[in-house]
Amino acid sequence: MKIYIKDIGLYVDKEVMIEGWVRTKRSSGKIQFILVRDGTGEVQAVAFKPELGEEKFAICDKLCIESSLRVWGKVKKDERASTGYELGITDIQILQIAEDYPLQKKEHGTQFLLDNRHLWLRSAGQFPILRIRNEIIIAIRHFFYENDFILIDTPILTGSIGETATTLFATDYFDEGKAYLAQTGQLYLEAACMAFSKVYCFGPTFRAEKSKTRRHLTEFWMVEAEMAFYDSNMNMQLQEDMIIYIVNQILKKCQPELKKLNRDISKLENVKSPFPRISYDEAITILQKLGSNIEWGKDFGGDDETILTKQFDRPVFVYDYPKDIKAFYMKQHPTDYRKVKCNDLLASEGYGEIIGASQREDDYNKLMNAIQKHNLNPKSYNWYLDLRKYGSVPHSGFGLGLERTVGWICGLHHVRETIPFPRMINRLNP
RNA sequence: UCCUGAGUAGCUCAGUUGGUCAGAGCGGGUGGCUGUUAACCACUAGGUCGGGGGUCCGAAUCCCUCCUCAGGAGCCA
């Protein structure tokens with residue numbers, strides 16, 4: 001009977017068949033240990049010459065790493081096997097010998113691994129990361145579903161609308177001129193939230209910035225939410241609830257994966273309500289006290305974010321930034337014209353920004369002013385301005401970077417391992 | 001675009017006061033081993049030292065230039 005390795009504990013002393021690949025092999029004359037993986041787990045299969053016979057033992061001898069195979073055998077509990085169980089091979093069938101498989105058991109460099117990303121995905125270290133990514137995505141969707149949000153799929157091909165034109169990927173679009181790959185779904189969500197009240201989108205996002213850092217990809221996944229009748233404080237509360245929900249789900253469902261990644265679980269268990277909330281002004285004071293030479297009016301650098309997040313044992317909100325360093329659509333602060341109602345969420349342990357959020361400008365004239373001040377063409381924003389003409393209400397929203405969130409929860413140094421096939425400034429293949 | 005660092009065997013790397021400096025481990029091949037956990041032991045094949053130019057009796061090593069990669073700045077999630 002064919003089984004999956006994750007279920008092997010249910011079949012002790014039974015005959016089973018497993019289909020999979022060779023993770024590694026060790027041989028010692030008359031006995032061979034073949035570590036078989038099938039995508040759900042791994043198990044040590046043992047070939048013992050006197051029991052298996054010359055012919056089949058010789059077949060095992062031909063196996064190399066990542067060869068595909070079918071094995072039959074009896075499941076045994078055995079402490080000597082790394083996973084607690086082993087399979088006493090009674091028969092074996094090779095599907096293909098993976099001759100000259102490029103990846104070895106020893107360490108490789110990043111470039112080599114990325115060149116072989118299609119094979120690197122099979123490595124033991126990549127399994128927990130992408131399984132956690134999967135669970136995070138499911139947690140996010142559940143969170144929104146349980147909180148009465150409607151999923152709105154926003155377009156990936158767009159006209160010239162968005163934040164700034166310099167960081168867009170362009171492509172020819174029939175007689176309509178240039179189309180751009182979406183760098184946010186927010187403006188469309190604002191339209192949709194006037195129809196459904198609470199909405200979200202979750203899809204790939206594209207930024208043509210020439211960023212070469214461990215926090216950047218040119219194609220990444222962003223979940224964005226938009227809520228009618230939410231002010232900036234309600235917005236932060238929702239973000240906090242969502243992050244706590246995600247972390248709790250991962251702690252509940254992914255203990256084995258976190259363990260394989262050597263993640264310090266206590267750091268994740270700290271992610272509880274309430275998250276500290278500090279204003280931009282307070283953040284500047286703290287940073288200056290700690291020796292940063294940042295001045296009021298400037299955005300935080302990577303080092304500043306690191307210093308700031310290390311002051312707290314959980315993610316921290318920074319709110320109400322100067323308007324000059326933020327996007328045109330953010331709502332003007334009611335009492336301080338130099339600022340806008342917005343917030344970032346900085347993840348702990350130095351990971352930095354994982355959410356950017358704001359209350360949106362709902363006043364037609366103020367929005368029109370901002371568009372003009374940013375040298376944007378009001379014509380392109382006709383429909384966006386319409387939303388302020390026909391039943392405008394206070395509304396807020398945020399965007400969460402999926403890969404940065406996965407990197408933070410997994411405790412990884414670089415976001416490139418958090419997505420199956422990373423797209424970076426000089427990497428388009430595989 | 002700018003700053004810093006790197007490029008030596010299929011992979012990971014050592015080797016720079018210029019002179020047995022063409023090296024190791026892994027991987028491949030051959031042989032050995034009945035409990036291996038990156039198994040081990042013996043033997044063996046593999047390289048135009050990123051490309052080009054220069055200095056020198058002599059360059060992996062020094063100089064110039066180009067290419068590629070990594071990290072960071074800017075920008076952002």
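Residue numbers begin at 1 in each chain, while the letters A, B, ... track the order of the sequences.
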Inset, instruction - Classify the nucleic acid contact of A:Q44 as base, sugar-phosphate or nothing, counting any heavy atom under 4.0 Å across all strands shown. - result: base

Legend entry - Proximity to the side chain of A:F112 - top-ranked nucleotide from B:U1, B:U34, B:U12: B:U12

Legend entry - A:S82 backbone acceptor or donor facing A:Q44 side chain under 3.5 Å: no

Inset, instruction - Return the stacking result for B:G35 and A:F33: yes when the ring centres lie under 5.5 Å apart and the planes under 30°, no otherwise. - result: no

Inset, instruction - Could you tell me whether A:F48 contacts a base, only the sugar-phosphate backbone, or nothing, with contacts defined as non-hydrogen atoms closer than 4.0 Å? - result: base

Legend entry - A:Y145 atom OH, neighbour heavy-atom count above 12 within 6.0 Å: no

Inset, instruction - Please state whether the phosphate of B:G71, meaning OP1 or OP2, lies under 4.0 angstrom from any side-chain nitrogen or oxygen of A:R416. - result: yes

Legend entry - Complementary nucleotide of B:G5, counting Watson-Crick and G-U pairs under 3.5 Å: B:C69

Inset, instruction - Name the pairing partner of B:U17, where a pair is Watson-Crick or G-U wobble with both distances under 3.5 Å, or state none. - result: none

Legend entry - Proximity to the side chain of A:T213 - top-ranked nucleotide from B:A73, B:C11, B:U34: B:A73

Legend entry - Touch class at under 4.0 angstrom, heavy-atom based, for A:I355 against every strand present: sugar-phosphate

Legend entry - Base B:C76 paired with A:H216 side chain (donor-acceptor, <3.5 Å): yes

Legend entry - N or O in side chain of A:N426 less than 4.0 angstrom from B:U68 OP1/OP2: no

Inset, instruction - Using the closest heavy atom to pick a nucleotide of RNA chain B for each, name whichever of A:V46 or A:F300 lands nearer the 5' end. - result: A:V46

Legend entry - A:K212 side-chain proximity, nearest of B:A77, B:A70, B:U12: B:A70

Legend entry - Passing option when A:Y329 is tested against A:E361, A:Q186, A:E190 for side-chain hydrogen bond (donor to acceptor under 3.5 Å, both in side chains): A:Q186

Inset, instruction - Kindly say whether, by distance alone, the side chain of A:E86 makes a donor-acceptor pair under 3.5 Å with the base of B:G35? - result: yes

Legend entry - Same-atom distance (P) from B:C63 to B:U55, integer angstrom: 16 Å

Inset, instruction - Measure from NZ or CZ of A:R314 to the centre of the six-membered ring of A:F275 and say whether it is under 6.0 Å with the direction within 45° of the ring axis. - result: no

Inset, instruction - Considering just the side-chain nitrogens and oxygens of A:H414, establish if one lies under 4.0 Å of OP1 or OP2 belonging to B:G71. - result: yes

Legend entry - N or O in side chain of A:N116 less than 4.0 angstrom from B:C11 OP1/OP2: no

Legend entry - Residue matched to B:G47 through Watson-Crick or wobble contacts both under 3.5 angstrom: none

Legend entry - Whole-angstrom distance between B:C43 and B:U61, as gauged at atom C1': 33 Å

Inset, instruction - Taking syn as within 90° of 0 and anti otherwise, name the glycosidic form of B:G46. - result: syn

Inset, instruction - Would you indicate what A:S27 reaches in the nucleic acid, counting non-hydrogen atoms under 4.0 angstrom: base, sugar-phosphate, or nothing? - result: base

Legend entry - B:C49 and B:G7, which share atom name C1', separated by this distance in whole Å: 10 Å

Legend entry - hbond_proxy A:R427 side chain to B:C69 base (donor-acceptor, 3.5 Å cutoff): no

Legend entry - Who pairs with B:A42 - Watson-Crick or G-U, where each distance is under 3.5 Å: B:U30

Inset, instruction - Could you measure between the two C1' atoms, the one in B:A14 and the one in B:U4, and give it in whole Å? - result: 23 Å

Legend entry - A:K326 atom NZ, neighbour heavy-atom count above 12 within 6.0 Å: yes

Legend entry - Main-chain N/O of A:R131 paired with A:E135 side-chain donor or acceptor, under 3.5 Å: no

Inset, instruction - Considering only NZ, NE, NH1 and NH2 on the basic side and carboxylate oxygens on the acidic side, decide whether A:R360 and A:E226 come within less than 4.0 Å. - result: yes

Inset, instruction - Check the surroundings of atom CG in A:N293: do more than 12 heavy atoms from other residues, nucleotides or ligands lie under 6.0 Å from it? - result: no

Inset, instruction - Rounded to whole angstrom, note down the C1' distance from B:A24 over to B:C66. - result: 32 Å

Inset, instruction - Determine: side-chain N/O of A:R214 to OP1/OP2 of B:G72, distance under 4.0 Å, yes or no. - result: yes

Legend entry - Side chain of A:E209 (C-beta onward), nearest among B:C75, B:G74, B:C11: B:C75

Inset, instruction - Give one of base, sugar-phosphate or nothing for A:K25, where a contact means two heavy atoms less than 4.0 Å apart. - result: nothing

Inset, instruction - Determine the contact category for A:F220: base if any of its heavy atoms lies under 4.0 Å from a base atom, sugar-phosphate if only primed atoms, P, OP1 or OP2 are that close, otherwise nothing. - result: base

Inset, instruction - Answer with base, sugar-phosphate or nothing: what part of the nucleic acid does A:Q104 contact at a heavy-atom distance below 4.0 Å? - result: base

Legend entry - Base B:C76 paired with A:S211 side chain (donor-acceptor, <3.5 Å): no

Legend entry - B:G46 to B:U8 separation - C1' atoms, rounded to the nearest Å: 14 Å

Inset, instruction - Ignoring backbone atoms, test whether A:R215 places a side-chain nitrogen or oxygen under 4.0 Å from the OP1 or OP2 oxygen of B:G74. - result: no

Inset, instruction - Determine the contact category for A:K49: base if any of its heavy atoms lies under 4.0 Å from a base atom, sugar-phosphate if only primed atoms, P, OP1 or OP2 are that close, otherwise nothing. - result: nothing

Inset, instruction - With C1' as the reference atom in both, quote the distance from B:G47 to B:C21 in angstrom, rounded to an integer. - result: 13 Å

Inset, instruction - Looking at every strand, decide which applies to A:G302 at a 4.0 Å heavy-atom threshold: base, sugar-phosphate, or nothing. - result: sugar-phosphate

Legend entry - Distance between C1' atoms of B:U44 and B:U48 (Å, rounded): 24 Å

